[in-house]
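Naming convention: chains lettered A, B, ... in sequence-line order (proteins, then strands); numbering from 1 in each chain.
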Number of protein chains: 2
Amino acid sequence: MKNMPSEKNKKNQIVDSDAKDLYSIADLAGELGISTRTIRFYESKNLLSPERVGNTRVFRKRDRARLLLILRGKRLGFSLRDISEYLSLYDTDETQAHQLALLRTKVDERLELLENQLADLRTTITELKEIRELARTGAPDI
Amino acid sequence: MKNMPSEKNKKNQIVDSDAKDLYSIADLAGELGISTRTIRFYESKNLLSPERVGNTRVFRKRDRARLLLILRGKRLGFSLRDISEYLSLYDTDETQAHQLALLRTKVDERLELLENQLADLRTTITELKEIRELARTGAPDI
DNA sequence: CGGCAGGTTGACGTATACGTCAACTATGGT
DNA sequence: ACCATAGTTGACGTATACGTCAACCTGCCG
């Protein structure tokens, strides 16, 4: 992932998120270190549905909280599609029973994938160490 | 007062003010038949204080209600300065006692002014009728 | 390697907002 | 007539938002 323009971040670091209840797209992008372009992209993927005042998006606290969830999900390695499914349950299931079940399923899947990758990586490292040891002791050609 | 561009009104006539709680400057201008320029002018006269989301004004229902009061005051012939004084009391006096007293004072002043103008107009009309009668009967030159 | 999918970003034309500096209109007073 | 005031409006340069159409980057798979 590429770095965002630093002047944009610098411009918005004074945003006091605790006191505000309305945010522009530039406010959120600057605060969270993503581009306005990315926020609009997420909306096009139905991850976000901010209000429009005139033609301009206006975000409420709950939109900001939702965006924070999206970013956290991404950091944990979930796809936007997974996150979207999760959030659509968040939107509709007041008891959150199905939401928790889905979350466990997704987390299990993700853990399994990461553990497989970890095992692969360990295997690769072990094999490389073995090859290095053979090269050092002058053992048979590989 | 000049007419506003009719295409602007036409564009915004579908605004459902009862359901919304946030308005853009163009929303309000279109709905109320004034220009965005005039709304910004009122703000510069401290008659209005809308929120900013980013650099953009966002108006809440109470801002809209306040703007309606301003326009009503103007229709009754009050100056913007009078209206501003009235509204500043509206902002600070929860019991509205001073507000009502000031309103009565302002209305009395306005009525007195209008009644004086009415008396002047009646006098002028009476004098013109007298001159017309003299011209018709051939009485002494004026 | 190439292809694909996911995710992000860029280019760009259009629209609207903004603030500043004036200009215009109407009214009243001298 | 001129001047002052109140109220509105215009011109204009700047900034940012918007949506559309691509392009780019990364990782994975065959």
Residue whose closest nucleotide on DNA chain C lies nearer the 5' end, A:R40 versus A:K45: A:K45
Nearest-Å distance for atom pair [atom1]/[atom2], residues [X] and [N]:
X     : N      : atom1 : atom2 : answer
B:L71 : D:dG7  : CG    : P     : 13 Å
A:L28 : D:dT16 : CG    : C1'   : 15 Å
A:I83 : C:dT8  : CD1   : P     : 9 Å
B:L48 : D:dT8  : CG    : C1'   : 15 Å
A:E43 : D:dA17 : CD    : C1'   : 13 Å
B:N55 : D:dC18 : CG    : C1'   : 16 Å
B:I25 : D:dT9  : CD1   : P     : 13 Å
B:R52 : D:dT16 : CZ    : P     : 13 Å

Would you call [X] and [Y] a side-chain contact if the rule is heavy atoms closer than 4.5 Å?
X     : Y     : result
B:V53 : A:V53 : no
B:L67 : B:E31 : no
B:R57 : B:R52 : yes
B:L80 : B:F41 : yes
B:P50 : B:E43 : yes

Are any protein N/O atoms closer than 3.5 Å to N/O atoms in nucleotides 3-7 of chain C? If there are, list each pair with its distance.
residue, atom, partner, partner atom, Å
C:dG7, OP1, A:L80, N, 2.7

Criterion side chain to side chain contact (heavy atoms under 4.5 Å, CB included) on B:D21 and A:E51, from CA distance to verdict: CA-CA 11 Å; B:D21 66 336; A:E51 285 171 71; 4.1 Å; yes
Base D:dT9 paired with B:R37 side chain (donor-acceptor, <3.5 Å): yes
Taking only side-chain nitrogens and oxygens of [X], does any of them come within less than 4.0 Å of OP1 or OP2 of [N]?
X     : N      : answer
A:S35 : C:dT9  : yes
B:T38 : D:dT9  : yes
A:R57 : D:dC18 : yes

B:V58-A:I39 co-clustered via ILVMFWY side chain contacts under 4.5 Å: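 Different clusters.
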